[in-house]
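Worth knowing before you read on, the calculation uses all heavy atoms, side chains too, and leaves out hydrogens, waters and symmetry mates. Note that the coordinates shown come from a computational prediction; the quantities given were computed from them, not determined experimentally.
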Amino acid sequence: MNLFNGFNTSASALTANRLRMDVVSSNIANAETTRSELVDGEWQPYKRKVVELQKHSFESQLQSAMGKGNAASSGVKVATIKEDQAPTKLVYNPTHPDANEDGYVEMPNVDMVKEMVDMMSASRSYEANVTALNATKSMYMKALELGK
């Protein structure tokens with residue numbers, strides 16, 4: 001048994017949630033970006049990014065507990081960062097430089113309400129993992145005091 005499993009689990013979750021907050025921040029910053037990437041000679045609007053997390057499998061946990069696997073396999077990791085496939089929004093603004101012949105501008109598929117909910121969720125998860133990390137540290141400190 002590794003004494004630092006609690007620390008490793010919390011650390012992996014802290015890292016994953018920090019990345020989630022970074023991606024949400026990027027989405028919010030690009031909510032009005034109509035020229036993000038060039039595809040077939042045409043500028044495309046920014047596509048919302050989504051972080052997918054993956055927990056380590058039970059099998060890897062079992063192998064680690066038996067001493068046959070990687071001890072750092074506890075916790076969560078970022079599986080991928082994908083583009084959201086939701087359609088972009090068409091906004092009528094004929095004076096915009098990126099407006100089509102009908103006066104519509106293709107805007108990013110970023111929904112500010114979704115982004116704020118994702119940010120609050122990542123922030124709360126981060127806070128919960130800091131609390132778990134501090135609780136683990138406190139337990140180890142109390143165990144060290146028993147030896148005195």
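- For the side-chain hydrogen bond (donor to acceptor under 3.5 Å, both in side chains) test, no residue two or more places apart in sequence or in another chain qualifies with K114.
- To the nearest 0.5 Å, atoms CZ (R124) and CG (N17) are separated by 12.5 Å.
- Counting only distance, with no hydrogens or angles, the side chain of T136 and the backbone of F7 share no donor-acceptor pair below 3.5 Å.
- Listed here is the closest heavy atom pair of M107 and A31: CE-O, 4.5 Å.
- Taking T95 as the reference, N93 meet the side-chain hydrogen bond (donor to acceptor under 3.5 Å, both in side chains) condition, with sequence neighbours excluded.
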Could you go step by step and tell me if V105 and K89 meet the side chain to side chain contact (heavy atoms under 4.5 Å, CB included) rule? CA-CA 8 Å; V105 179; K89 299 178 278 188; over 6 Å; no
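- Residues Y92 and L90 share a hydrophobic cluster, clusters being chains of Ile/Leu/Val/Met/Phe/Trp/Tyr side chains in contact below 4.5 Å.
- Of the possible polar contacts, none joining the N109 side chain to the P87 backbone as a donor-acceptor pair under 3.5 Å is found.
- Within the structure, side-chain hydrogen bond (donor to acceptor under 3.5 Å, both in side chains) pairs that include any residue of residues 96-105 comprise T34-D98, R35-D98 (at least two apart or interchain).
- Without hydrogens or angle criteria, S138 side chain to N134 main chain gives no donor-acceptor distance under 3.5 Å.
- Considering N27, T33, T88 in turn, N27 is the only one that fulfils the side chain to side chain donor-acceptor pair (under 3.5 Å) rule with Y46.
- Checked against salt bridge (charged side-chain N to carboxylate O under 4.0 Å, His left out), K82 has the following partners two or more places apart in sequence or in another chain: E52.
- Evaluation of the side-chain contact (heavy atoms from CB on, under 4.5 Å) rule for S123 yields M21, E127 as partners, not counting sequence neighbours.
- Applying the salt bridge (Lys or Arg N to Asp or Glu O under 4.0 Å) test to pairs two or more places apart or on separate chains, those with a residue in residues 4-19 are R18-D22.
- Scored by the salt bridge (charged side-chain N to carboxylate O under 4.0 Å, His left out) test, E32 finds no partners at all (sequence neighbours excluded).
- Looking at residues two or more places apart in sequence or on another chain, you find a side-chain contact (heavy atoms from CB on, under 4.5 Å) between V51 and R20, V23, L53, V78, I81.
- Under a 3.5 Å cut-off, the side chain of S121 and the backbone N or O of V117 do not form any donor-acceptor pair.
- In this view, A132 and S10 satisfy the side-chain contact (heavy atoms from CB on, under 4.5 Å) rule, not counting sequence neighbours.
- By the criterion of side-chain heavy atoms lying less than 4.5 angstrom apart, applied directly or through intervening Ile, Leu, Val, Met, Phe, Trp or Tyr residues, M119 is grouped together with V130 in one hydrophobic cluster.
- For Y126, there are no side-chain hydrogen bond (donor to acceptor under 3.5 Å, both in side chains) partners, not counting sequence neighbours.
- Applying the salt bridge (Lys or Arg N to Asp or Glu O under 4.0 Å) rule to pairs touching residues 40-51 yields R48-D84, R48-E115, R48-D118, K49-E83, sequence neighbours excluded.
- Under the side-chain hydrogen bond (donor to acceptor under 3.5 Å, both in side chains) criterion, S36 pairs with no residue at all, not counting sequence neighbours.
- Checked by atom type and distance alone, the side chain of K77 never pairs as donor or acceptor with a backbone atom of A13 at under 3.5 Å.
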May I have the step-by-step check of side chain to side chain contact (heavy atoms under 4.5 Å, CB included) for V110 and N30, ending in yes or no? CA-CA 8 Å; V110 176; N30 288 294; 5.8 Å; no
